[in-house]
Amino acid sequence: MNPAGHPDVKPYDALLVLSFGGPEKPEDVVPFLENVTRGRGIPRERLEQVGEHYFLFGGKSPINDQNRALIAALEKDFADHGIDLPVYFGNRNWDPYLADTLAQMTADGVQRAAVFATSAYSSWSSCRQYRENLWDAVEQTTGAPRLDKLRQYYNHPGFLEPVVDACLEALGELPTNGDAAHLVFVTHSIPTAMAETSGAPPEAKAQPRGAYVKQHRSAVDEVADRVRAATGRAHRHDLVYCSRSGAPSTPWLEPDVNDHLEELASDGVSQVVLVPIGFVSDHMEVIYDLDTEATATAERLGIRAVRAATSGTDPRFVAMVRDLVLERAAAERGESPDRPALGSLPAGPDICGAGCCPNPRGPRPALCGADS
Ligand SMILES: CC1=C(CCC(=O)O)c2cc3nc(cc4[nH]c(cc5[nH]c(cc1n2)c(C)c5CCC(=O)O)c(CCC(=O)O)c4C)C(CCC(=O)O)=C3C
Ligand SMILES: [Fe+2]
């Protein structure tokens with residue numbers, strides 16, 4: 001508490017919500033895809049397909065609106081808790097671009113901001129690439145504020161508890177309350193090489209190499225345990241992947257959700273809940289890869305599929321962001337805050353380890369790490 005009796009956010013004077021970005025209208029789709037894939041060797045064919053996913057939804061991704069809704073919920077939550085902290089919004093791949101937002105924060109006199117990225121797990125794509133983006137933006141901005149990226153939150157109760165409830169709700173929509181339903185936990189596929197080096201530098205033989213999959217398994221087991229405790233039934237469950245990209249010759253994490261559904265159908269499974277455990281809102285991967293493509297696959301196979309909700313603006317998820325800011329602020333003041341974490345892995349570090357989650361295309365400077 002600060003002298004006014006409000007939670008103490010010192011040394012922070014702003015929060016930055018950092019996300020992926022997405023197109024807002026059809027003309028944005030191609031330039032957006034160019035931003036995402038510059039220098040990545042994504043085959044032209046794949047890009048055309050992904051463009052079609054966006055055009056199917058009018059050329060607009062829901063992700064920016066969802067982030068604006070999260071920010072509105074955060075502003076209300078902060079106000080309700082007597083926290084005076086402006087919230088800024090910056091993206092990696094689309095307007096509002098991170099560099100523009102940082103220039104605005106600088107002009108507004110922000111000195112030191114906490115950064116919340118809309119990506120819960122560790123890997124180059126989901127963590128270090130955002131840290132590289134922060135470095136680049138700070139480099140371009142004279143007098144930029146100091147930025148502290150908040151820890152990964154895949155095992156935070158405020159992230160996992162809404163997922164448990166979403167599973168229960170989805171089960172309730174199935175005949176006989178999803179008695180025999182499989183829980184199909186889905187996350188974004190990444191190249192297996194990126195998955196292996198996630199969490200630690202390539203030369204490290206020790207834990208936590210392979211953090212991306214380990215973190216997902218820990219989250220999945222925790223949710224499945226809690227669903228079992230609530231229903232009194234042990235639902236069979238698996239971790240599978242969506243949105244594979246890249247060259248066909250590069251191995252990515254498998255099985256793909258559609259192949260997995262084929263497998264389940266041949267085992268006689270007739271009900272599934274698709275749980276987007278890798279995502280925090282219903283962006284394009286969720287509404288296309290799961291709600292459109294995987295749902296059509298399930299239908300074709302005679303499997304009844306219900307998709308569980310993402311955290312979105314669930315009040316517990318919003319409160320988690322507040323808790324992460326307060327936790328980090330306390331740590332930066334030299335206190336020893338509680339670090340809530342569920343499952344088999346401890347709360348992640350505030351400062352990423354040296355060389356963790358390396359960039360597959362070679363080292364690039366990144367903010368918010370022991371090697372920054
Ligand atoms: C781990 C991970 C997350 C989850 C963590 C996080 O949220 O950050 C994520 C999220 C997202 N990915 C998104 C969109 C895209 N990702 C692509 C390509 C890629 N993603 C990768 C990984 C991830 N991606 C990778 C290794 C590539 C290959 C190219 C590269 O090495 O970078 C491509 C290119 C086309 C294609 O090939 O699919 C697009 C359009 C959107 C926006 C959705 C919307 O618009 O609503 C979101 C939230
Ligand atoms: Fe992606």
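First listed ligand is number 1; within each ligand, the first listed atom is number 1.
- Proximity to V36 (heavy-atom distance under 4.0 Å) selects the following atoms of ligand 1: 17 (C), 33 (C), 34 (C), 39 (C).
- Among the candidates V87, V115, L324, the single residue satisfying the side-chain contact (heavy atoms from CB on, under 4.5 Å) test with L15 is V87.
- Taking the six-membered ring where tryptophan is involved, the planes of F116 and F317 are perpendicular, since the angle between them exceeds 60° and thus also 30°.
- If you number the atoms of ligand 1 from 1 as listed, the ones under 4.0 Å from a heavy atom of I190 come out as 1 (C).
- Using a 30° and 60° split on the angle between ring planes, H182 and H260 fall in the perpendicular class, above 60°.
- For ligand 1, the atoms closer than 4.0 angstrom to any heavy atom of F32 are 40 (C).
- The residue F57 has no part lying near ligand 1, judged by heavy-atom distances below 4.0 Å.
- Listed by number with element, the atoms of ligand 1 under 4.0 Å from a non-hydrogen atom of S245 are 36 (C), 37 (O), 38 (O).
- Less than 4.0 angstrom separates some heavy atom of W252 from each of these atoms of ligand 1: 25 (C), 26 (C), 27 (C), 28 (C).
- Contacts between Y54 and ligand 1 below 4.0 angstrom, taking non-hydrogen atoms only, involve the side chain exclusively.
- If you look at L33 next to ligand 1, the close heavy atoms, those under 4.0 Å, all belong to the side chain.
- Those atoms of ligand 1 that come under 4.0 Å of a heavy atom in I63, given as number and element, are 46 (O), 48 (C).
- For W94, the heavy-atom gap to ligand 1 stays at 4.0 angstrom or more.
- Of the N or O atoms in S123, none lie within a sub-3.5 Å distance of an N or O in ligand 1.
- Of all atoms in ligand 1, listed by their number and element, those nearer than 4.0 Å to a heavy atom of T37 are 34 (C).
- With 3.5 Å as the limit, one finds no donor-acceptor pair spanning the side chains of D28 and Y54.
- Here H283 has heavy atoms under 4.0 Å from ligand 1 in both its backbone and its side chain.
- Heavy atoms of Y212 found under 4.0 angstrom from ligand 1 belong exclusively to the side chain.
- Under 4.0 Å from ligand 1, heavy atoms of M284 appear from its side chain as well as its backbone.
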